2 protein chains.
Amino acid sequence: MPRRSVAEAQKTRESILSRAVDVASLDGLEGLTIGRLAGELEMSKAGVIGHFGSKEALQIAALEEAAAVFTRVVWEPAAGEEPGLPRLRAIAEAWVAYLQGDVFPGGCFLTAASCEWDGRSGPVRDRVAATMDLWLDVLAREARGAGFEDPQQVAFELNAVAMGLNQRVQLHGDASAPDRARRAMERVLRPDAR
Amino acid sequence: MPRRSVAEAQKTRESILSRAVDVASLDGLEGLTIGRLAGELEMSKAGVIGHFGSKEALQIAALEEAAAVFTRVVWEPAAGEEPGLPRLRAIAEAWVAYLQGDVFPGGCFLTAASCEWDGRSGPVRDRVAATMDLWLDVLAREARGAGFEDPQQVAFELNAVAMGLNQRVQLHGDASAPDRARRAMERVLRPDAR
DNA sequence: CCTACCGATCGGTAGG
DNA sequence: CCTACCGATCGGTAGG
């Protein structure tokens, strides 16, 4: 018999991950230290890292958790829309709301992780790159369905606007930025580019 | 008499800063540790930090150095152009070339620093924010001179495209990204939005 | 999931 | 600009 039940251990693991994602969104996946996490959760370091095995495994688990949140908040609300332009517009709307809101305390986790890791190598960087590529592929697929001549261009530009919005919100607290992003995304999705 | 001349000390300081900017572009301003810098420059830690006083002062000096490089590489080549649309187009061209090239080994220093610090507080974060705001103001001023109705929108969108390009180059090694960014910037600068 | 510990590295300083 | 050092924290492990 384990000293704590499987269900209890699972709950602990989830609470660690939830805190890990918040910390990493503010201070980066490298700023996510085991000791800090243990202190904030009032656990021992061994108790924290025991659920993952290593800091790198914890970083990857946090990344996967953040990607799942992104999917739930940005993709899911749009998944019910008709493929193509209606779905792209719903994605754009949910994306801006996500970046404007406080899903993560430090802004878009994926943007932060990609900037932090794009100059490094190893499993974490590879996972960050694969996650971003997957999302750009989803966008390009919808743009293709919407009849755009160059769907990857649409994906590139929507992603760029999202990054720009995240910067203005997080760095400047710019209240006009979400509307600017909406206008920019609408222009990217204007059918005359098809 | 100092043991080394003022000119020699100045040269040492410059070599430290040059390396610091490269390291920070790859691993962030927080990944820039005094011990690592000392090791790579074959100096003592005291010798490195003595030129700046503290890690924070070193980080700010590296940021200022990077901003000076950005100005030289992106602004200077365009400064000779006629204000307004011609100058904006020259900036866009130089900006894409900068992001495509290897001015910094880890890509755009300012983008990396803004993502790293946008969730923190203190002097470094404030300096990063002020530097970005200054650049957006420059862009908006030129857009106003070019007759755009909403010059801040133009600045927002150009900056977004630059961030998107930096991500695609650094994270994916995407060779098609510079052309995509050029196309996106051209569309932002298309006179029909004036 | 805890205590107690490991070697390594962190930023920084004293003194020369 | 160096050596020698400080306390703090890093990731991680042994043993329970």
Side-chain angles (χ1 to χ4, degrees), chain A residues 1-21 23-24 26-63 116-117 120-125 127, chain B residues 1-21 23-24 26-63 116-117 120-125 127:
Chain A
M1 282 286 289
R3 298 184 219 177
R4 277 169 180 75
S5 72
V6 172
E8 279 174 327
Q10 182 65 21
K11 261 186 66 177
T12 302
R13 194 190 134 98
E14 278 165 19
S15 76
I16 295 170
L17 267 186
S18 168
R19 182 66 63 116
V21 165
V23 167
L26 288 165
D27 290 334
L29 278 167
E30 211 56 80
L32 182 67
T33 73
I34 299 163
R36 173 180 175 182
L37 217 45
E40 294 187 3
L41 293 164
E42 297 184 298
M43 292 173 60
S44 66
K45 289 201 300 170
V48 169
I49 203 60
H51 283 276
F52 304 95
S54 69
K55 176 172 180 176
E56 190 173 78
L58 167 62
Q59 290 172 320
I60 288 174
L63 174 60
E116 184 180 9
W117 290 85
R120 311 185 187 195
S121 58
V124 177
R125 180 235 154 84
R127 194 64 72 102
Chain B
M1 284 287 288
R3 299 185 217 176
R4 277 170 179 74
S5 73
V6 171
E8 279 174 328
Q10 183 65 22
K11 263 185 65 178
T12 303
R13 194 190 134 99
E14 278 164 18
S15 76
I16 296 170
L17 267 186
S18 168
R19 182 66 63 117
V21 165
V23 167
L26 287 165
D27 290 333
L29 280 167
E30 211 55 81
L32 182 68
T33 73
I34 299 163
R36 173 181 175 181
L37 216 45
E40 294 186 4
L41 293 164
E42 297 184 298
M43 290 173 61
S44 67
K45 290 200 298 170
V48 168
I49 204 60
H51 283 275
F52 304 94
S54 70
K55 177 172 180 176
E56 191 174 78
L58 167 63
Q59 290 173 321
I60 288 174
L63 175 59
E116 184 180 9
W117 290 85
R120 310 185 189 196
S121 58
V124 177
R125 180 236 154 83
R127 194 66 71 102

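Predicted model only: the values in this text are computed from it and were never measured. The sequence lines fix the lettering, A, B, ..., with proteins before strands; numbering per chain opens at 1.
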Flag yes if more than 12 heavy atoms outside B/Arg127 fall under 6.0 Å of its CZ atom; otherwise flag no. no
Name every donor-acceptor pair, under 3.5 Å, that has one atom in a side chain of residues 30-37 of chain A and the other anywhere in the protein, sequence neighbours excluded.
from: A/Glu30; atom 1: OE1; to: A/Arg120; atom 2: NH1; distance (Å): 2.9
from: A/Glu30; atom 1: OE2; to: A/Lys55; atom 2: NZ; distance (Å): 3.1
from: A/Thr33; atom 1: OG1; to: A/Arg36; atom 2: N; distance (Å): 3.1
from: A/Arg36; atom 1: NE; to: A/Glu40; atom 2: OE2; distance (Å): 3.1
from: A/Arg36; atom 1: NH1; to: A/Asp27; atom 2: OD2; distance (Å): 2.6
from: A/Arg36; atom 1: NH2; to: A/Asp27; atom 2: OD2; distance (Å): 3.4

Looking only at heavy atoms, which two atoms of A/Ile60 and A/Pro123 are closest? And how far apart? CD1-CB, 4.0 Å
Kindly compute the distance separating OG1 (A/Thr12) from CE (A/Met43), expressed to the nearest 0.5 Å. 6.0 Å
Between the protein and nucleotides 4-11 of chain D, which nitrogen or oxygen pairs are less than 3.5 angstrom apart?
from: D/dC10; atom 1: OP1; to: A/Thr33; atom 2: OG1; distance (Å): 2.8
from: D/dG11; atom 1: OP1; to: A/Lys55; atom 2: NZ; distance (Å): 2.9
from: D/dG11; atom 1: OP2; to: A/Ile34; atom 2: N; distance (Å): 3.0
from: D/dG11; atom 1: N7; to: A/Lys45; atom 2: NZ; distance (Å): 2.9
from: D/dG11; atom 1: O6; to: A/Lys45; atom 2: NZ; distance (Å): 3.3

Rounded to the Å, how far apart are A/Glu42 CD and C/dC2 P? 11 Å
So which atom in B/Phe52 and which in B/Arg13 form the shortest heavy-atom distance, rounded to 0.1 Å? CE2-NH1, 3.5 Å
Can you give the dot-bracket line for DNA chain C, where a pair is Watson-Crick or G-U wobble with both atom distances under 3.5 Å, crossing pairs use [ ], and | marks a partner on another strand? ||||||||||||||||
Can you name the nearest heavy-atom pair linking B/Leu29 to B/Ala24, along with the distance? CD2-CB, 3.9 Å
Rounded to whole angstroms, how far apart are CE on B/Met43 and C1' on D/dC1? 7 Å
Quick one: list whatever passes side chain to side chain contact (heavy atoms under 4.5 Å, CB included) with B/Ser54, sequence neighbours left out. B/Glu56, B/Ala57
Pairing residues for A/Ser44 by the side chain to side chain contact (heavy atoms under 4.5 Å, CB included) criterion, not counting sequence neighbours: A/Ala46
